[in-house]
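First the structure, in the form of structure tokens, and then the observations on it.
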Amino acid sequence: ELVIYLHSKGSYHTGHGRNHDWRRAHTQAATHASCLDSLVSSPTGSSHQQQQQEPPSCNICGLQYVPLWTPMYPGNMFASTCSYVRHLLPPQTEFQTKLAALVAEVNASSSRSSSNSN
């Protein structure tokens, strides 16, 4: 099962036409066949062999993924497997704690790199 999250946020604010183009690009990416195909299993092997399922190549896709500081898809438009969504951390509890730990780790790593280059 798949879920596609799209929205019309900003549709009343034209921004000199940029919002329309921006929403169209994000919508097309999340609904594109290659995106949706990457989320589903596909059969492998010949008809003479027992059919096996190739696992999906990813569990979420969209136009652009930004892994740091807050892992997200800008515009918040994406397609995903339902099983992936079920495993997401609740946004106001564990997610905030784990995000803070990730940011601290990246900052510490960046500080170590800076001090080593001096």
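For reference, positions follow the sequence shown, starting with 1.
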Q: Check whether any side-chain N or O of Ser109 sits under 3.5 Å from a backbone N or O of Glu105 as a donor-acceptor pair, and report yes or no.
A: no
**Q.** Heavy-atom side-chain proximity of Tyr73 to Ile60 below 4.5 angstrom
**A.** yes
Q.
Measuring only between side-chain heavy atoms, which start at C-beta, is Tyr5 closer than 4.5 Å to Val3?
A. no
Q: Sort and list the pairs that fulfil disulfide bond (SG atoms under 2.5 Å apart) and have at least one residue in residues 60-89, not counting sequence neighbours.
A: Cys35-Cys61
(Q) So, taking the atom named CE in Met77 and the one named CD in Gln28, what distance separates them when rounded to the nearest 0.5 Å? (A) 11.5 Å
Q: Check side-chain hydrogen bond (donor to acceptor under 3.5 Å, both in side chains) between Ser83 and all other residues, then give those that pass, not counting sequence neighbours.
A: Thr81
Q.
Between Tyr65 and Leu39, is there shared hydrophobic-cluster membership here, with clusters defined by ILVMFWY side-chain heavy atoms closer than 4.5 Å?
A. no
Q: Please confirm whether the backbone N or O of Thr27 pairs with a side-chain atom of Thr31, one donor and one acceptor, at under 3.5 Å?
A: yes
Q.
Hydrophobic clustering (ILVMFWY, side-chain heavy atoms < 4.5 Å, transitive) - are Tyr84 and Val40 grouped together?
A. no
(Q) Given 3.5 Å as the limit, does a donor-acceptor pair link the side chain of Ser80 with the main chain of Asn59, or not? (A) yes
Q: Answer yes or no: is there a donor N or O on one side and an acceptor on the other, between the side chain of His26 and the main chain of Pro74, under 3.5 Å?
A: yes
